[in-house]
J.: 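One structure follows; several queries about it will come next.
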Amino acid sequence: MFLENVISHPQFLSGEAITRFIDTTPELFKFTHRRDRASRLLRFIGNVVVNGNPEMKGRSKPALPLAEPIVPKIILDTKIPSGTRDILLERGAQGFADWMKAQPQVLLTDTTMRDAHQSLFATRMRTHDMVKIAPHYAQMLPNLLSMECWGGATFDVAMRFLKEDPFARLRELRAAVPNIPFQMLLRASNAVGYTNYPDNVVRYFVQQAAQNGVDIFRVFDSLNWVENMRVAMDAVVEAGGVCEGTICYTGDLFDPTRSKYNLAYYVKMAKELEKAGAHVLGIKDMAGICRPRAASALVKALKEEVGLPIHFHTHDTSGISAASVLAAIEAGVDAVDGALDAMSGLTSQPNLGAIVAALEGTERAPNVDLNHMKSLSTYWEGVRRFYSPFEADMRAGTSDVYQHEMPGGQYTNLREQAIATGLEARWPEVSRAYADVNRAFGDIVKVTPTSKVVGDMALWLVLNDLTMHDVETAERDFDFPESVISLFKGELGLPPDGFPLALQNKILKGAAPLTERPGASLPPADLEAVRAEAEKATGRKISDADLASYLMYPKVFRDFAEHQSHYGDVSKLPTPVFFYGLAEHEEATVDLEPGKSLIMTLQGQTEVPSDGEIKIFFELNGQPRTVRIAKAA
Ligand code: 3PY
Ligand code: ZN
């Protein structure tokens with residue numbers, strides 16, 4: 001290849017002096033980079049062929065080969081139509097919120113690329129499957145209010161399990177969809193992590209998210225404590241984003257025995273959020289327990305009491321959440337979330353296509369093309385098959401959710417954790433313990449990260465054959481899970497009415513809890529010192545976005561960077577190749593960038609490891625290539 005580059009170069013052909021020519025013509029060496037990228041990806045695939053993708057450990061492969069998802073047949077090189085994001089760019093965040101409020105039709109958010117896969121298959125959807133369909137969204141659904149495609153658990157999972165750069169995902173999607181607003185889920189002071197970060201880290205993260213493509217930030221606090229949301233909300237406003245200050249819905253509006261979460265509670269919080277600078281008010285029903293009557297009453301009350309447009313989010317765990325969405329729409333909600341048909345239902349969002357069909361002919365009918373939604377859903381149907389090993393074995397809605405109140409995104413995760421700890425057969429006990437723990441913790445909001453703490457405690461109880469009553473009444477000390485101690489110390493913030501004191505004393509064993517928001521006492525991070533530390537640890541240049549990732553998850557980022565230097569950018573691999581490798585004589589096309597593709601075919605492998613290494617024979621763009629892979633013990 002090098003020789004080919006030399007002899008075909010115009011300067012060589014012109015007969016100029018060769019040595020100087022090689023020294024001064026760096027483009028001759030470009031092929032090494034491409035060759036290196038290909039070698040690393042072949043090494044990754046070879047490893048999956050020999051040792052399996054570590055992500056698949058303990059999971060069964062689906063029947064292979066899997067069919068290519070069907071991409072809608074539309075011509076993509078036509079001009080991108082103007083869409084909702086053009087309104088945002090023209091009018092700014094406040095103008096956009098005013099526009100939302102003035103619309104007679106209900107506005108729609110598609111959660112397929114974030115919450116839907118977080119809730120259905122453990123957040124495993126890969127960038128490759130999103131980017132492939134993204135330009136079709138731009139052509140086919142330009143009037144969506146937003147695509148929720150970033151934040152929540154996707155950030156962590158992208159790096160930790162999928163070995164992808166979450167910021168690169170955001171940039172690639174942004175480039176493909178310039179006309180629809182992108183929405184992210186931001187856990188206020190917990191950003192996209194599980195613990196409060198210093199204020200300057202939260203600010204820096206929001207700034208990077210906005211610069212790389214996020215338009216609308218749904219900001220919530222896992223204890224509904226507005227005081228702990230201010231830093232994040234201010235940062236969103238400062239970055240020019242739309243700030244969706246969000247109430248997490250919990251409890252039951254109509255249960256007289258549980259009056260803590262009544263209308264007055266929600267109206268008070270909504271007013272606080274409005275005062276704190278929210279452009280939009282979010283209602284986040286993360287467990288899917290806001291029943292139709294409650295959705296109606298809540299939206300009516302909030303519409304009367306606050307001036308912000310309202311955006312309703314729920315999960316379909318019970319099986320009837322679309323009724324709640326329709327009730328909210330009837331009561332005047334401005335926007336609702338749903339997932340495209342193939343990615344909806346169960347612990348995910350209700351079915352967006354069905355909601356659109358139900359509203360046809362009414363004055364609130366959304367301005368979207370149902371046929372376009374159907375063809376996009378056909379694509380997702382194919383994509384979902386790739387991830388079947390990550391799906392929970394859940395076949396129907398469950399009204400049990402009104403008892404345990406687990407968030408949709410947690411339900412399947414906790415079930416997996418229960419299986420991993422040998423508690424599969426005791427799942428009903430875990431789910432009952434979850435409800436008991438919540439009661440003993442003072443009936444708190446359960447959403448990441450507080451939901452994880454309640455889940456940790458529930459598993460701990462069942463594993464130790466204890467009940468909350470045992471814990472509350474026993475004289476002896478217990479070794480509580482770390483996350484529980486941290487919650488009661490106030491490290492995730494404080495519930496507005498505090499924690500039950502007796503239990504808090506027992507858990508903290510006399511240590512004093514925080515009395516103000518954690519960010520107030522966390523020292524600011526020295527960002528440039530952290531950048532230097534990250535550069536030293538990874539041996540690579542750390543961009544601003546990398547720094548934001550490192551600040552969130554230093555260890556996960558280091559492992560990801562190491563994986564990337566060894567195996568290259570694996571986000572470019574088709575999903576079946578990433579998880580399941582290649583079968584003999586199977587071919588895969590890897591698009592590295594526009595106009596640069598690799599065609600890889602697995603030709604065979606040596607049977608018995610001779611020197612402990614198996615040789616894998618590939619054909620790469622027609623040329624033979626061999627990789628040696630050590631068989632894992
Ligand atoms: C998250 O924080 O990831 C959630 O989805 C909470 O519902
Ligand atoms: Zn959700």
Side-chain angles (χ1 to χ4, degrees), residues 108-125 146-161 166 183-197 202 205 209 214 216-224 228-229 232 244 246-250 282-290 295 311-318 321-322 324-325 328 335-339 343-352 401 404-414 434 444-455 483 492-493 552-553:
L108 302 178
T109 293
D110 176 17
T111 64
T112 300
M113 296 188 191
R114 204 286 297 179
D115 205 356
H117 72 98
Q118 179 170 330
S119 302
L120 288 175
F121 43 84
T123 329
R124 294 308 200 269
M125 191 189 282
S146 60
M147 293 163 68
E148 193 196 44
C149 57
W150 214 65
T154 64
F155 195 89
D156 172 20
V157 172
M159 286 192 289
R160 191 189 297 266
F161 299 126
Q183 185 166 322
M184 79 163 286
L185 185 66
L186 185 72
R187 302 167 182 157
S189 295
N190 303 306
V192 288
Y194 295 85
T195 180
N196 273 219
Y197 294 95
V202 174
F205 183 82
V214 174
I216 302 175
F217 294 73
R218 176 173 287 161
V219 186
F220 74 91
D221 175 72
S222 73
L223 290 163
N224 270 350
N228 211 19
M229 298 169 70
E244 184 171 309
T246 297
I247 294 170
C248 296
Y249 179 88
T250 196
I283 303 173
K284 177 173 167 60
D285 174 23
M286 55 280 173
I289 53 175
C290 188
H311 194 170
F312 181 59
H313 170 89
T314 185
H315 286 251
D316 201 30
T317 316
S318 68
S321 70
S324 299
V325 170
V336 296
D337 283 9
M343 290 289 293
S344 72
L346 301 173
T347 46
S348 171
Q349 271 61 66
N351 183 328
L352 211 48
V401 68
H404 56 64
E405 303 184 340
M406 282 174 209
Q410 180 183 30
Y411 186 86
T412 49
N413 247 320
L414 191 63
Y434 190 98
I444 59 169
V445 173
K446 293 161 296 300
V447 63
T448 319
T450 51
S451 51
K452 184 185 169 300
V453 183
V454 174
S483 64
L492 296 180
M552 290 292 111
Y553 292 100

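Every number for a ligand or one of its atoms is a count from 1 in the order of the listing. Residues take their numbers from the sequence shown, with the count starting at 1.
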J.: Under the criterion side chain to side chain contact (heavy atoms under 4.5 Å, CB included), I'd like the reasoning laid out for Ser344 against Gln349: C-alpha separation, chi angles, the key distance, then a yes or no.
T.: CA-CA 5 Å; Ser344 72; Gln349 271 61 66; 5.7 Å; no
J.: Apply side chain to side chain donor-acceptor pair (under 3.5 Å) to the pair Asp337 and Thr111, showing each step before the final yes or no.
T.: CA-CA 7 Å; Asp337 283 9; Thr111 64; 5.9 Å; no
J.: Parallel, tilted or perpendicular: which one describes the rings of His117 and Phe121, with boundaries at 30° and 60°?
T.: tilted
J.: Between atom CE of Met125 and atom CE of Met113, what is the distance when rounded to the nearest 0.5 Å?
T.: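 Nearest 0.5 Å value for the CE-CE distance: 7.5 Å.
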J.: What protein N/O/S atoms lie closer than 2.8 Å to the Zn ion (ligand 2)?
T.: Asp115 OD2, His313 NE2, His315 NE2
J.: Indicate yes or no for a side-chain donor-acceptor contact from Asp285 to the backbone of Ile289 under 3.5 Å, with no hydrogens or angles considered.
T.: yes
J.: Going by atom types only, do Ser146 and Thr109 share a side-chain donor-acceptor pair under 3.5 Å?
T.: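 The answer is yes; a qualifying pair exists.
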J.: Could you pull out every N or O of ligand 1 that sits under 3.5 Å from a protein N or O, with the distance for each pair?
T.:
from     : atom 1 : to     : atom 2 : distance (Å)
ligand 1 : 2 (O)  : Arg187 : NE     : 2.7
ligand 1 : 2 (O)  : Arg187 : NH2    : 3.4
ligand 1 : 2 (O)  : Thr448 : OG1    : 3.4
ligand 1 : 3 (O)  : Gln118 : NE2    : 2.8
ligand 1 : 3 (O)  : Ala153 : N      : 3.4
ligand 1 : 3 (O)  : Arg187 : NH2    : 2.8
ligand 1 : 5 (O)  : Arg114 : NH1    : 3.0
ligand 1 : 5 (O)  : Gln118 : NE2    : 3.1
ligand 1 : 7 (O)  : Lys284 : NZ     : 2.7

J.: Tell me, do Met184 and Glu148 make a side-chain contact under 4.5 Å, heavy atoms counted?
T.: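 When only atoms from C-beta onward are counted, Glu148 and Met184 do not touch, as no gap falls below 4.5 Å.
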J.: Give a yes or no answer on whether the side chain of Tyr434 reaches the backbone of Val454 with a donor-acceptor pair at less than 3.5 Å.
T.: no
J.: Measure across Gly151 and Val192 and return the closest heavy-atom pair with its distance rounded to 0.1 Å.
T.: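 Looks like CA-CG1, 4.0 Å.
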